[in-house]
Student: 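Take this structure, written in structure tokens, and hold onto it; I'll ask about it next.
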Amino acid sequence: QNAVLSLLRTAVDTGGEGLIAIGNAWSRGLFDGRFYLAPPSPDLPATSLDSVNERCRSLLEMADLWDERDALVGNLSYGHQRQVELIVTLASDPQVLLLDEPAAGLSLAESRSMVELIKALDPHLTVLIIEHDMDVAFEVASEVTVMHLGEILAEGTAEEIRANETVREVYFGQAYA
């Protein structure tokens with residue numbers, strides 16, 4: 001099956017194994033809305049169905065997608081597909097989460113939902129975000145590093161970065177255009 005809940009159950013039960021090819025296909029634009037899941041590795045510990053279901057429900061509710069649990073992923077809006085992508089990643093309980101432009105291509109409402117989902121993540125989870133939408137970056141990051149031409153231009157809190165004259169000059173084209 002390729003319904004949202006089935007996909008997430010497989011991700012939780014296998015620790016994310018079997019989803020690597022899906023992520024690669026998705027990132028290359030080859031995703032067609034259908035998921036082909038590899039069977040769980042025999043080396044992975046068995047997980048009770050109750051605990052898998054509980055984890056899936058928790059993740060879907062965190063993303064406000066519980067009502068979409070039986071929908072085909074390919075039939076979801078682009079914003080919801082991006083949220084499913086994130087919660088499938090979270091299903092493997094990562095220690096570090098790397099997000100490359102999580103708000104790219106999203107409408108304002110979808111971007112807002114993604115921001116809220118990121119802000120709801122466990123505060124002990126290390127999250128590295130590359131984001132060009134500075135409103136998104138400032139809202140979700142506790143520390144910001146601004147790079148220009150491969151070099152670190154500035155580091156600090158959102159407030160410090162907003163007030164940094166060099167950052168303002170570079171990104172508004174006055175000094176380094």
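Reckoned from all heavy atoms, side chains included, excluding hydrogens, waters and symmetry mates.
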Student: Is it true that a side-chain atom of Glu68 and a backbone atom of Leu65 form a donor plus acceptor pair closer than 3.5 Å?
Tutor: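 No, because the side chain of Glu68 does not come within donor-acceptor range (under 3.5 Å) of the backbone of Leu65.
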Student: Say whether Val136 and Tyr78 are linked into one hydrophobic cluster, either directly or through other cluster members, by side-chain heavy-atom distances under 4.5 angstrom.
Tutor: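 Linked within one cluster.
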Student: Should Leu99 and Leu97 count as side-chain neighbours, where that means a heavy-atom distance under 4.5 Å?
Tutor: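 Answer yes - side chains close enough.
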Student: Any pair with a residue in residues 114-125 that passes side-chain hydrogen bond (donor to acceptor under 3.5 Å, both in side chains), sequence neighbours left out, goes on the list, sorted by first then second residue, please.
Tutor: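 Sorted result for residues 114-125: Arg112-Glu116, Lys119-Glu139, Asp122-His124.
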Student: If you take all heavy atoms of Asn164 and Ala154, which pair is closest and at what distance?
Tutor: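 Minimum heavy-atom contact is ND2-CB, 3.6 Å.
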Student: Checking the side chain of Glu131 only, and the main-chain atoms of Asp100 only, is there a donor and an acceptor separated by less than 3.5 Å?
Tutor: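 No, because the side chain of Glu131 does not come within donor-acceptor range (under 3.5 Å) of the backbone of Asp100.
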Student: I'd like to know if the side chain of Arg162 reaches the main chain of Arg168, judged simply by a donor and an acceptor atom lying under 3.5 Å from each other, with no hydrogens or angles considered.
Tutor: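 It does not hold such a pair.
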Student: Can you check whether Ile118 reaches Ile129 side chain to side chain, under 4.5 Å on heavy atoms?
Tutor: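 The answer is yes, as the side chains (C-beta and beyond) meet within the 4.5 Å cut-off.
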Student: Heavy-atom distance under 4.5 Å between the side chains of Val146 and Val170, does that happen here?
Tutor: no
Student: Start with the C-alpha distance between Leu125 and Gln95, add both sets of side-chain angles, then the distance that settles side-chain contact (heavy atoms from CB on, under 4.5 Å), and finish with yes or no.
Tutor: CA-CA 6 Å; Leu125 176 63; Gln95 294 178 0; 5.6 Å; no
Student: Is the backbone of Trp66 close enough, under 3.5 Å, to the side chain of Arg69 for a donor and an acceptor to pair up by distance?
Tutor: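 Yes; at least one donor-acceptor contact below 3.5 Å.
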Student: Should Leu153 and Tyr171 count as side-chain neighbours, where that means a heavy-atom distance under 4.5 Å?
Tutor: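 Leu153 vs Tyr171: side chains touch.
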Student: If we check side chain to side chain contact (heavy atoms under 4.5 Å, CB included) with Leu59, which of these qualifies: Val84, Thr89, Leu86, Ile87?
Tutor: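 Testing Leu59 for a side chain to side chain contact (heavy atoms under 4.5 Å, CB included) against Val84, Thr89, Leu86, Ile87 leaves exactly one candidate, Ile87.
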Student: Is any side-chain heavy atom of Met114 less than 4.5 Å from a side-chain heavy atom of Leu106?
Tutor: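 They are in contact (side-chain heavy atoms under 4.5 Å apart), so the answer is yes.
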Student: Hey, any chance Leu121 and Val140 share a hydrophobic cluster, counting ILVMFWY side chains that come within less than 4.5 Å of each other, even indirectly?
Tutor: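 Yes, same cluster.
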Student: Which pair of heavy atoms, one from Gly156 and one from Ile161, lies closest together, and at what distance?
Tutor: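 Closest approach of Gly156 to Ile161, heavy atoms only: N-CD1, 3.8 Å.
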Student: Quick one, Gln83 and His80 - any side-chain contact, counting heavy atoms below 4.5 Å?
Tutor: yes
Student: Please check if any side-chain donor atom of His132 sits under 3.5 Å from a side-chain acceptor atom of Glu101, or the reverse.
Tutor: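 Their side chains do contain a donor-acceptor pair, which is all the 3.5 Å distance test asks for.
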Student: What are the two closest non-hydrogen atoms of Glu110 and Ser77, and how far apart are they?
Tutor: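 Nearest heavy atoms, Glu110 then Ser77: OE2-OG, 3.9 Å.
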Student: Return yes if some donor-acceptor pair links the side-chain N/O of Glu143 with the main-chain N/O of Thr157 below 3.5 Å, else return no.
Tutor: no
Student: Run the side-chain contact (heavy atoms from CB on, under 4.5 Å) test against Ser58 and tell me which residues pass, sequence neighbours left out.
Tutor: none
Student: Give the minimum heavy-atom separation between Ala141 and Val144, together with the two atoms involved.
Tutor: CB-CG2, 4.0 Å
Student: Please give me the minimum heavy-atom distance between Phe138 and Ala158, naming the atom from each residue.
Tutor: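 Shortest heavy-atom separation between Phe138 and Ala158 comes out as CD2-CB, 3.6 Å.
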Student: Apart from Leu128 itself, what residues make up its hydrophobic cluster, given side-chain heavy atom links below 4.5 Å?
Tutor: Val96, Leu98
